[in-house]
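Quick notes on the structure that follows.
Residue numbers begin at 1 in each chain, while the letters A, B, ... track the order of the sequences.
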Amino acid sequence: MAKLTRTPVWEAVASLKVTITLLTLLMVLVVLCTLAQVDLGTFGAVAVYMRSFLVYWHIPNSVWSIPVLPGGALVGLLLVINLVAQYARIPLAWNKAGLWLVHLGLILFVTGEFISGAFQVDSQMAIEEGQTVNYIEGKELELALVDVSDPAQDEVFGVPDARLARGGTVEIPGTPVSLKVHRFVRNASLSNRGPADPPSLATMGVGAGVAVRELPPVSNDNEVNSSAAFVEPIAGGRSYGVWLVSSALGAPQSFTHEGRSWLLGMRNRRHYLPYSLTLKKFSHDKYAGTDIPKNFSSLVRLYNPSKGEDRDVLVFMNQPLRYDGKAFYQASFGKGDTLSILQVVENPGWLLPYISCVVVSIGLLWHFGMTLRRSLKRREAEQRAPAEGPAAQEA
Amino acid sequence: MERTGRIGDAVPGSPWNVAAIATAFAALVLLPGCRQDEVTHARVPKQAEAPTAAAGASVGTPGLPSGMPPPGVPGAPGAGVEAPPVPRGAGALRWTLPEGWTETGASAMRFATLKLPVAGKVDVSVVVLPGPAGGELANVNRWRGQIGLPPIDEAALAAARRTLRSKAGPVSVFDFTSDGQVKSRMIAGLISTSGNTWFVKMVGDAGPVGTAQPEFTRLLESLRLGQAD
């Protein structure tokens, strides 16, 4: 094994030059990613430069894209391999414990980013003053099929847009209903159908009078796609016609099957929570005599009947509500300061960057402490040596 | 004195561990792709009309009419084939009619239709939908589409929005005029109250809409919640 760590391949993998090259590449990626945010938005740029294995360049006027740079994921992966390989070069000694910790901290840091990239879920919760909300909404869309027949509760089924895009027939589990997807348009503009427009695929509902024009999907994450789909609910062998659903339409359309009423509508993908937040008050403080914002805060009531929890929480800038593995940040507001929008981040690895910073700090302190101690000892020895010289001569 | 022992044989340096870590990372990156297109299901308690009844009983949204899904199910005025239940009593929007104006009451998707003593083509409607009704931008762009104008983005939306004060809360007002020889104009007030979104809209030929604009603005300023006068 000791031989293996001295092979040219191992030496290359563990090389400090590789470390420096990878860190330089990371810096280049950070600069490019920052600049790309102008066109792609924050999340779009991060996805292209940092959370990808390769950064592609699209050749103008062609369908080809070629990789031009390693992406952040590849650089991070190589960096972890490089750091792990370097362990073989650090002696197992107390005075090198600092270096061990620093390497461990860096590995944790990069690992944390991988976990965030893979598992972090960003959602939003928009609450108006006085309103109670028990769901968070993602950026993606879903076709919501809601059985509203029960007077006490609704059965809500969500068909993700990714499933609609695949087409075919979507079985709704536990129900007699299936949805046949006739057409899915990622981004569409809707308008009233004119005499020159082709006939609509929709045979029921408002869609029969609406023209759907396909648009290129948005590339900037500040914009949203306005998806549209033509779906045909089929239940008990009977078709309920073809309906147009779109996030640009609004009102849910409905059909009734054997006495049960179903609503159909396209909306942001919704994830229901076992607890609710009520916005009691949203505050938008400004510096006196100006329109410059000083502080945004939301006073919310957190109500979780399963845990018997009922308390007020103040969410303000950089002070999120952390609950149920989620962090609710104050993100935006609207409707004349009566609507608060909370950014909801669910990241199982959120503690890793903090832990890695602590580990790296302890490692650096340890290492510098050891170096300082050694240096002081050396200086002491040097001072003692000249002092002993003349004394010896005197003697 | 430094120890010269190396850790080449120790566990962290093992090439097999490096391979294992690489595999784990690959799995981390690829796994999330598997959970993207499953049909989800949730059983959501319906909301009682009175917030007090909902407070201890459910975790949902109080104040919604019975039989409706929670707020946020997108809604656009006139888009559905089945009119949502209409808020009544304290949850209903009221207004003071300008002189000479009359009200014809609810029909199909409309909460009310108003008639005004102005010659020419002009129509004033009041529509209510549960929840955010698809959002302000989507509705504004739909309105713009109705008079042949291209859609706008959030920035232009903010620039186009004028806010009026009323007893029912702030009213966002949008005023758009189409191009062409016969210009159409639309002035729409949008207000959110207790889980509902109300649309008070005046649309017609630019001339009569312009004539009625001051009175329409007064009508928007008179909006309030509560029993009928």
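Across I172(A), L164(A), D150(A), the residue that shares the most heavy-atom pairs under 4.5 angstrom with chain B is D150(A).
If you measure heavy-atom distances from V170(A) to chain B, the contacts under 4.5 Å come from the side chain alone.
You'll find the side chain of V39(B) reaches within 4.5 Å of the side chain of P173(A), heavy atoms only. Within the 4.5 Å cutoff, no side-chain heavy atoms of E155(A) are placed close to those of V44(B).
Exactly one residue among E128(A), Q131(A), E129(A) makes a side chain to side chain contact (heavy atoms under 4.5 Å, CB included) with S192(B). That residue is E128(A).
A search for salt bridge (charged side-chain N to carboxylate O under 4.0 Å, His left out) contacts involving D175(B) returns R185(B), not counting sequence neighbours.
Minimum interatomic distance between S247(A) and A138(B) (heavy atoms only, all atoms of both residues): O-CB, 4.5 Å. Of all heavy-atom pairs between Q153(A) and P45(B), the closest is CB-CA, 3.9 Å.
Expressed to the nearest 0.5 Å, how far CZ of R270(A) lies from OG1 of T40(B) amounts to 11.0 Å. How far OG of S226(A) is from CG of L137(B): 9.5 Å, rounded to the nearest 0.5 Å.
Counting heavy-atom neighbours within 6.0 Å of R165(B) CZ, excluding the residue itself, gives a total of 12 or less.
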